[in-house]
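The structure appears right after this line, and notes come after that.
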Amino acid sequence: MSSDLGARVPQQPVAPAPAPDLATLPPDAVPDPAEEGRLGSVFWTSVAISAVFVAWGVLFTENLTTVTTASLNWLTESFGWTYLVVTLAILVFLVFLAFSPAGDIRLGRDTDRPEFSTPTWFAMICAAVMGIGLVSYGVAEPISHFATPPHGLAEAGSPEAAVRALQYAYFDWGLHAWAIFAVFGLAIAYSTYRKGRRTTVSQLFRPLLGDRVDGPAGKAIDILAVFATLFGTTTSLGLGALQVNNGLGTLFGVPVNSVSQVLIIAAITTLFTMSAVTGVSRGIKYLSQGSAVLAVLLFLFVLVAGPTVFLFNLYAESIGLWATDFFRMSLQGTAFGDLQWMQWWTYFMMAWWVSWGAFVGIFLARISRGRTIRGFITGVLVVPSIVFFTWFTVFGGSAIHIDMFQGGTIAEQTAADINSAFFATLANFPLAEVTSVVAIVLVIMFFVSGADANTYVLGMLTSNGSLNPRRPVLVLWGVLTGVTAIVLMLAGGLSALQNTVIVTSAPFLLIIAGLTVAFWKDLTADRRAAAAAMATRLAPAGIPAPTQDAGTTGPAVPAPADRSAT
């Protein structure tokens with residue numbers, strides 16, 4: 001694979017705005033080494049509110065459930081449509097940006113080049129992001145939609161229901177999710193590597209708020225980022241515990257109950273906290289590599305041992321329907337009902353992606369320095385979406401084939417316990433015990449690596465953007481994450497996890513919309529400054545200043561084609 005995403009055709013890109021020297025940046029935009037790692041009000045406020053939430057869940061469990069359920073209903077009935085509109089608007093913005101002259105700007109200095117090769121970059125994205133979804137929902141969502149087609153669009157159990165099932169799974173796990181991650185990653189990378197600012201969410205709003213990002217407004221933004229990340233992690237941790245408990249129950253008869261799930265959460269919390277304090281380069285790297293290898297092996301096994309020809313045909317038909325109905329699905333709300341279905345699927349999924357925005361954005365920024373905006377957007381939107389579409393087709397499609405043509409009962413088992421879907425599917429393949437053990441190990445590795453990275457991001461966000469948070473801070477956030485997951489599990493299991501992530505992510509949806517506007521303003525201002533500087537340099541020689549193309553963000557200054565890695 002070429003390391004350049006589409007740069008084989010000779011291009012005449014617009015000369016990007018030069019990355020400023022840190023010495024010329026405003027003092028408030030340059031990270032202060034003395035300030036890095038300082039535990040200020042963001043840390044103490046975040047910890048205090050987290051502790052209050054835990055106490056609320058322990059002492060007043062029923063009240064917590066009542067309040068989150070009522071908040072969920074009011075929020076989704078009144079503002080659920082905002083998840084649809086905002087995510088679609090961000091996706092359209094990214095596509096426009098990728099095709100605009102601004103797409104040639106590098107995330108870093110103009111001379112920077114990617115640290116990782118393109119294949120390695122793709123592998124890191126797919127291995128470290130949303131891993132739990134592969135197991136938790138790879139079968140559960142398609143088979144659930146097959147048994148109960150979304151919005152009554154097909155007859156349950158019919159061939160059309162099979163296609164609709166994958167169509168909506170693609171929608172929940174495809175471009176919209178990655179658009180949220182991509183815009184966050186772009187904004188973080190541009191702010192950090194090109195503008196020299198601290199790696200905090202509040203710094204992204206400097207184009208809109210100016211010096212107010214250093215005051216209460218900026219601190220409020222950072223605290224919201226902390227809570228969105230915390231509850232996104234606890235939701236994943238809770239889902240992981242449910243999956244592991246179900247797998248152990250299937251294989252070894254371990255009781256599937258709250259006691260087992262609490263013990264599993266405690267064990268996984270210990271593992272990912274230990275991994276976090278070993279450092280990103282060791283813990284996350286090795287876990288991501290190991291989980292990627294296991295996932296590929298399990299995928300190939302099911303593809304070869306399963307109904308391969310049926311899966312290829314189903315894949316093609318489902319992709320076609322997904323593409324045809326893309327904008328209808330993107331804006332289909334609850335004007336005529338289906339609120340509960342949307343809460344369980346579309347609204348929950350989008351809220352989950354929003355809550356993971358800070359973690360995934362920072363991770364993507366960390367591994368993408370030196371890439372062009374166009375290469376970043378293309379890679380982050382397209383490649384992971386294809387990977388997830390393919391996974392859902394192979395595992396979900398195999399489950400559908402088993403129920404349709406082999407007399408299987410996977411849909412019934414999933415309706416009784418959604419966490420049994422993956423293992424119920426593997427039970428219909430050869431070497432079921434072996435593959436189930438692999439799946440359990442895979443879940444644990446996915447969760448440890450994901451929660452490990454989330455703990456690191458929480459430590460960084462509450463340490464004034466420090467890239468090396470103190471170990472006690474990492475341990476504290478690891479423990480708080482585990483305890484919060486336990487509280488939510490005891491307060492209502494999967495329903496409590498879903499309700500809470502939707503409610504807590506809602507304010508952060510506005511943050512993501514705001515940072516998109518701030519990023520565009522940053523980009524526009526820099527390109528105008530570059531145009532002015534170019535005009536100043538050319539004026540003494542009597543050369544006409546470059547004109548600005550209509551609809552672009554910067555001057556049309558020809559430059560030699562750059563065929564290096566994007």
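Values below: every heavy atom of this structure, side chains too, minus hydrogens, waters and symmetry copies. This is a predicted model, so every value here is computed, not measured.
Rounded to the nearest 0.5 angstrom, Leu91 CG and Ser330 OG are separated by 7.5 Å. If you take OG1 on Thr87 and CG on Leu509, they are separated by 7.5 Å, rounding to the nearest 0.5 Å. We find the CG-OH distance between Leu321 and Tyr170 to be 10.5 Å, quoted to the nearest 0.5 Å. Distance CD1/Ile223 to CD1/Ile221: 10.5 Å, rounded to 0.5 Å. The structure places CG of Asp172 at 4.5 Å from OG1 of Thr346, a figure rounded to the nearest 0.5 Å. With values rounded to the nearest 0.5 angstrom, Leu97 atom CG is found 6.0 Å from Leu523 atom CG.
Pairing each heavy atom of Leu515 with each of Phe205, the nearest pair is N-CZ, 3.5 Å. Shown here for Ala140 and Ser136, the closest heavy-atom pair between the two residues is CB-O, 3.3 Å. Nearest heavy-atom pair across Gly240 and Val443 is O-CG1, 3.9 Å. Val503 and Leu75 make their closest contact through CA-CD2, 3.9 Å (heavy atoms, listed as atom of the first residue, atom of the second, distance). Minimum interatomic distance between Pro469 and Met460 (heavy atoms only, all atoms of both residues): CG-N, 3.5 Å. Of all heavy-atom pairs spanning Ile367 and Trp121, the tightest one is O-CD1, 3.4 Å.
A 6.0 Å sphere centred on CD of Glu317 holds no more than 12 heavy atoms belonging to other residues, nucleotides or ligands. Within a 6.0 Å sphere centred on CH2 of Trp341, heavy atoms belonging to other residues, nucleotides or ligands number more than 12.
Distance alone, capped at 3.5 Å, is enough to place a donor-acceptor pair between the Arg106 side chain and the Gly370 backbone. Side chain of Arg212 to main chain of Leu209: a donor-acceptor pair is present (N/O by atom type, distance under 3.5 Å, no hydrogens or angles). In this structure, Ser466 contributes its side chain and Asn468 its backbone to a donor-acceptor pair below 3.5 Å. Between the Ser355 side chain and the Trp352 main chain, a donor and an acceptor come within less than 3.5 Å of each other. Side-chain N or O atoms of Arg113 include none that pairs as donor or acceptor with a backbone N or O of Arg369 at under 3.5 Å. Between the Thr308 side chain and the Leu303 main chain, a donor and an acceptor come within less than 3.5 Å of each other.
Note on ring orientation: taking the six-membered ring where Trp is involved, the planes of Phe93 and Phe519 are perpendicular (angle over 60°, cut-offs 30° and 60°).
Donor-acceptor pairing under 3.5 Å is lacking for the side chains of Ser368 and Tyr193. Using modelled atom types, one finds a donor on one side chain and an acceptor on the other under 3.5 Å when comparing Tyr83 with Ser505. A donor and an acceptor atom, one from each side chain of Gln203 and Ser191, are nowhere located under 3.5 Å apart. Side-chain atoms of Trp356 and Thr229 include no donor-acceptor pair closer than 3.5 Å.
When Thr200, Thr192, Val457 are each tested for a side-chain contact (heavy atoms from CB on, under 4.5 Å) with Ile362, only one passes: Val457.
A salt bridge is absent between Asp522 and Arg206: the closest approach of a Lys/Arg side-chain nitrogen to an acidic carboxylate oxygen does not fall below 4.0 angstrom. For Glu115 and Arg371, the salt-bridge test fails: no basic side-chain N is under 4.0 Å from an acidic carboxylate O. A salt bridge does not link Asp222 with Lys219: every distance from a Lys NZ or Arg NE/NH1/NH2 to an Asp or Glu carboxylate oxygen is 4.0 Å or more. Between Lys195 and Asp526 a salt bridge is recorded (basic side-chain N to carboxylate O distance below 4.0 Å).
Using a 4.5 Å heavy-atom cutoff, the side chains of His176 and Trp353 are not in contact. Thr334 places a side-chain heavy atom less than 4.5 Å from the side chain of Tyr347. With a 4.5 Å cut-off on side-chain heavy atoms, Leu166 and Phe146 do not count as touching. Looking at heavy atoms from C-beta onward, Met349 lies in side-chain contact with Tyr137 at the 4.5 angstrom threshold. Leu134 is not listed as a side-chain neighbour of Phe299, based on a closest heavy-atom distance of 4.5 Å or more. Between Pro384 and Trp178 the shortest side-chain heavy-atom distance falls below 4.5 Å. The closest side-chain heavy-atom distance from Val380 to Leu186 is not below 4.5 Å. Residues Phe326 and Leu175 have side chains in contact (heavy-atom distance under 4.5 Å, counting atoms from C-beta outward).
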inquiry  = Set out, in order, the CA-CA distance, both residues' side-chain angles and the distance that settles ring-ring contact (aromatic ring centres under 6.0 Å, His included) for Trp322 and Phe389, then state yes or no.
reply    = CA-CA 11 Å; Trp322 167 80; Phe389 290 0; 5.2 Å; yes
message = If you apply the rule side chain to side chain contact (heavy atoms under 4.5 Å, CB included), what do you find for Thr234 with Thr481, and how did you get there?
response = CA-CA 6 Å; Thr234 56; Thr481 299; 4.1 Å; yes
key: Working for side chain to side chain contact (heavy atoms under 4.5 Å, CB included), residues Val42 and Leu461   = CA-CA 8 Å; Val42 172; Leu461 290 175; 6.0 Å; no
request  = Quick one: do Thr393 and Ser318 satisfy side chain to side chain contact (heavy atoms under 4.5 Å, CB included)? Show the steps, please.
outcome  = CA-CA 9 Å; Thr393 300; Ser318 301; 5.9 Å; no
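For Phe348 and Trp344, the ring centers are positioned 6.0 Å apart or more. Checked against the 6.0 Å centroid criterion, the rings of Phe395 and Phe422 qualify as a close aromatic pair. Aromatic ring centroids of Phe388 and Trp391 lie 6.0 Å or more apart.
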